[in-house]
Amino acid sequence: MKYDLIVIGSGPGGYIAAIRAAQLGSKVAIIEKYSTLGGTCLNVGCIPSKALLDSSHHYYDAVNHFEEHGISVEKPSFDFGKMVARKANVVETTTGGIKYLMDKNNIEVYEGLGSFEDATHVKITKNDGAEEVIEGTNIIIATGSKPSSLPFITIDKERVITSTEALKLPEVPKHLLVIGGGVIGLELGSVYKRLGAEVTVIEFMPAITPTMDKDVSKELTKVLKKQGMKINTSHGVTSVERNGDEVVVKATNKKGEEVTFTGDYCLVSVGRRPYTEGLALEKAGVKVTERGMVEVNDHLQTNVSNIYAIGDVVRGAMLAHKAEEEGVVVAEYLAGQKPHIDYNLIPGIVYTWPEVAAVGKTEQELKDAGVDYKSGKFSMRALGRSRASGDLDGFVKVLADKNTDEVLGVHMVGARVADLIMEAAVAMEYRASAEDLARICHGHPTYSEAVKEAAKAAWDGQPLNA
């Protein structure tokens with residue numbers, strides 16, 4: 001079979017690229033080695049983790065907040081098995097939706113491991129060992145990423161686990177040790193903390209969420225500690241050993257002292273690595289970097305002119321929505337259009353509670369670049385909507401150019417900021433000023449009023465409700 005486009009990998013980047021190319025008239029095939037479509041995000045990442053986060057959040061509210069709202073219930077309890085089953089149902093429904101979209105857009109789906117025979121031919125090795133070769137005028141590599149580890153850690157997938165296993169544990173841990181204070185570790189740590197586990201985070205860097213604005217990291221640390229999570233920053237893990245049902249983690253703190261942590265499960269959450277195993281890139285002549293990422297130019301084109309790569313397998317943030325945008329960009333570029341993507345405006349989100357969201361430059365990045373900037377900050381606690389819901393933690397911070405007033409970065413901690421951050425992204429896409437944001441009439445009472453107030457604080461230093 002010959003296709004205009006072959007997509008290897010059906011995650012958010014791959015399946016969106018396939019759909020967009022089909023919409024633009026291409027004959028498209030997509031190859032997925034697993035039995036379900038959707039990649040890491042839909043199967044063992046974004047979607048299942050949010051399902052567990054929502055379920056655990058409902059339980060946490062019932063235990064801790066219902067009474068203050070005048071709602072009296074018998075002592076709440078939970079069925080962890082039902083939570084996991086609900087998560088599985090959400091995943092099944094979502095992945096089934098991707099199959100529907102493939103059929104709707106006449107995209108041929110091949111199940112099996114895709115590997116290059118040469119620059120235009122891809123071999124599909126099926127689970128039963130059967131092989132088939134298809135030809136593509138253009139090919140997109142969208143094979144995503146896998147959890148990383150440390151060289152001295154043995155992941156046994158039982159007690160020493162990655163995020164994949166953490167989503168399907170047979171029980172709630174008594175004491176979950178989390179190595180890595182990034183997005184995935186904090187989200188999954190939050191799930192089990194709400195359900196009664198003791199959770200200890202061990203982070204090498206001086207702050208959790210180390211790539212985010214320092215004010216955000218500081219606020220999130222304060223909130224998570226208030227919720228009972230133990231956070232140890234500036235701790236370098238030196239060993240992880242399992243003894244039966246016990247896991248012992250040793251680390252060196254910033255004073256150079258050895259510290260020991262003991263739990264019944266250890267989640268290793270130290271990032272992700274590009275997944276290219278089995279692709280036989282060398283047969284097509286595709287170059288990769290020293291870190292294993294596929295090299296691409298500004299059009300996401302590899303050194304082989306008809307082969308492209310998107311998502312976690314290339315440079316940049318490993319985010320589902322970034323992969324989606326890149327998939328659209330490649331499909332439209334191949335159709336002769338002139339798409340664009342602004343990597344500075346890809347939002348970063350942490351789905352703890354309160355949520356964390358950011359877009360644009362951090363304050364430290366502006367300082368390092370020598371940009372003359374101004375900052376405006378507004379506390380969620382000052383909002384009527386926050387007081388009404390009881391979600392008082394957090395803030396919105398707007399960073400703007402001191403001379404032009406253009407918004408350069410927005411950073412948020414608070415209820416529903418995962419959705420709220422897009423107001424900032426849209427404003428920055430159109431190069432809005434802080435005054436522009438401050439002068440837009442926002443509904444009252446809403447969480448979004450914090451954006452208006454923070455923008456006014458950045459613009460003229462005079463928020464109205466603070």
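In what follows, residues are counted from 1 in the order of the sequence shown.
Looking only at distances, no side-chain donor or acceptor of Asn89 sits under 3.5 Å from a matching main-chain atom of Ala85. Thr362 contributes a side-chain N or O that, together with a main-chain N or O of Glu365, makes up a donor-acceptor pair within less than 3.5 Å. The backbone N or O of Glu111 lies less than 3.5 Å from no partner atom in the side chain of Tyr34, so there is not a single donor-acceptor pair. Remark: the backbone N or O of Gly144 is not paired with any side-chain donor or acceptor of Arg272 at under 3.5 angstrom. Of the possible polar contacts, one joining the His442 side chain to the Ile440 backbone as a donor-acceptor pair under 3.5 Å is found. A donor-acceptor pair is defined here as one N or O able to donate and one able to accept, closer than 3.5 Å; such a pair exists between the side chain of His411 and the backbone of Lys361. The closest donor-acceptor contact from the side chain of Ser10 to the backbone of Gly38 lies under 3.5 Å. A donor-acceptor contact shorter than 3.5 Å links the side chain of Glu326 to the backbone of Gly311. Judged by distance alone, with hydrogens and angles left aside, the side-chain atoms of Glu187 form a donor-acceptor pair with the main-chain N or O of Tyr351 at under 3.5 Å. Judged by distance alone, the side chain of Thr404 and the main-chain N or O of Asp401 form no donor-acceptor pair under 3.5 Å.
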Please tabulate, for side-chain N and O atoms in residues 392-399, each donor-acceptor pair with protein atoms closer than 3.5 Å (sequence neighbours left out).
from, atom 1, to, atom 2, distance (Å)
Asp393, OD1, Lys226, NZ, 2.9
Asp393, OD2, Lys226, NZ, 3.2
Lys397, NZ, Asp213, OD1, 3.4
Lys397, NZ, Asp213, OD2, 2.8
Lys397, NZ, Asp215, OD2, 3.0
Lys397, NZ, Glu363, OE1, 2.6

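Between the side chains of His444 and Glu449, at least one donor N or O sits under 3.5 Å from an acceptor N or O. Residues Trp353 and Asp391 bring a donor and an acceptor atom of their side chains to less than 3.5 Å of each other. Judged by distance alone, the side chains of Glu68 and His65 do bring a donor and an acceptor atom under 3.5 Å apart. The closest side-chain donor-acceptor pair between Thr209 and Ser217 falls under 3.5 angstrom.
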Can Met293 and Val288 be said to form a side chain to side chain contact (heavy atoms under 4.5 Å, CB included), step by step? CA-CA 5 Å; Met293 291 180 174; Val288 297; over 6 Å; no
- Go through the steps for Met380 and Val417 under the test side chain to side chain contact (heavy atoms under 4.5 Å, CB included), then give the verdict. CA-CA 11 Å; Met380 289 293 190; Val417 298; 3.8 Å; yes
Next on the checklist: One pair to check against side chain to side chain contact (heavy atoms under 4.5 Å, CB included): Val268 and Ile161. What are the steps and the verdict?
Outcome noted: CA-CA 6 Å; Val268 181; Ile161 60 176; over 6 Å; no
Practice prompt. May I have the step-by-step check of side chain to side chain contact (heavy atoms under 4.5 Å, CB included) for Val216 and Glu219, ending in yes or no?
Written response: CA-CA 5 Å; Val216 163; Glu219 179 75 2; 6.0 Å; no
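Using a cutoff of 4.0 Å between basic side-chain nitrogens and carboxylate oxygens, Lys250 and Glu241 are not scored as salt-bridged. Using a cutoff of 4.0 Å between basic side-chain nitrogens and carboxylate oxygens, Glu246 and Arg242 are not scored as salt-bridged. Glu277 and Arg273 are joined by a salt bridge, as a carboxylate oxygen and a charged side-chain nitrogen come within less than 4.0 angstrom of each other. Under a 4.0 Å N-O distance rule, the pair Glu198/Lys230 qualifies as a salt bridge. Under the 4.0 Å criterion applied to side-chain N and carboxylate O atoms, Glu453 and Lys456 are not assigned as salt-bridge partners. At a threshold of 4.0 Å, the pair Arg431-Glu406 counts as salt-bridged, since one of the basic side-chain nitrogens sits closer than that to a carboxylate oxygen. A salt bridge is defined here as a Lys NZ or Arg NE, NH1 or NH2 lying under 4.0 Å from an Asp or Glu carboxylate O, and Lys374 with Asp405 meets this definition. Between Lys322 and Asp342 there is no salt bridge, since none of the side-chain N atoms of the basic residue sits less than 4.0 Å from a carboxylate O of the acidic one.
Inter-residue side-chain proximity for Ser239 and Val249 is flagged as unmet; no heavy-atom pair is nearer than 4.5 Å.
Environment of CZ in Phe152: crowded, with over 12 heavy atoms of neighbouring residues, nucleotides or ligands closer than 6.0 Å. For NZ of Lys214, the number of neighbouring non-hydrogen atoms (other residues, nucleotides, ligands) closer than 6.0 Å is 12 at most.
The aromatic rings of Tyr59 and Phe78 sit perpendicular to each other, their planes meeting at more than 60°, with 30° as the lower class boundary.
Under the side-chain contact (heavy atoms from CB on, under 4.5 Å) rule, Leu167 has a single partner from Thr162, Leu52, Asn43, Ile47, which is Leu52.
Taking NZ of Lys99 as the start and CD of Glu32 as the end, the distance is 13.0 Å to the nearest 0.5 Å.
Geometric assessment of Arg159 against the ring of Tyr265 yields a positive cation-pi assignment under the 6.0 Å and 45° thresholds.
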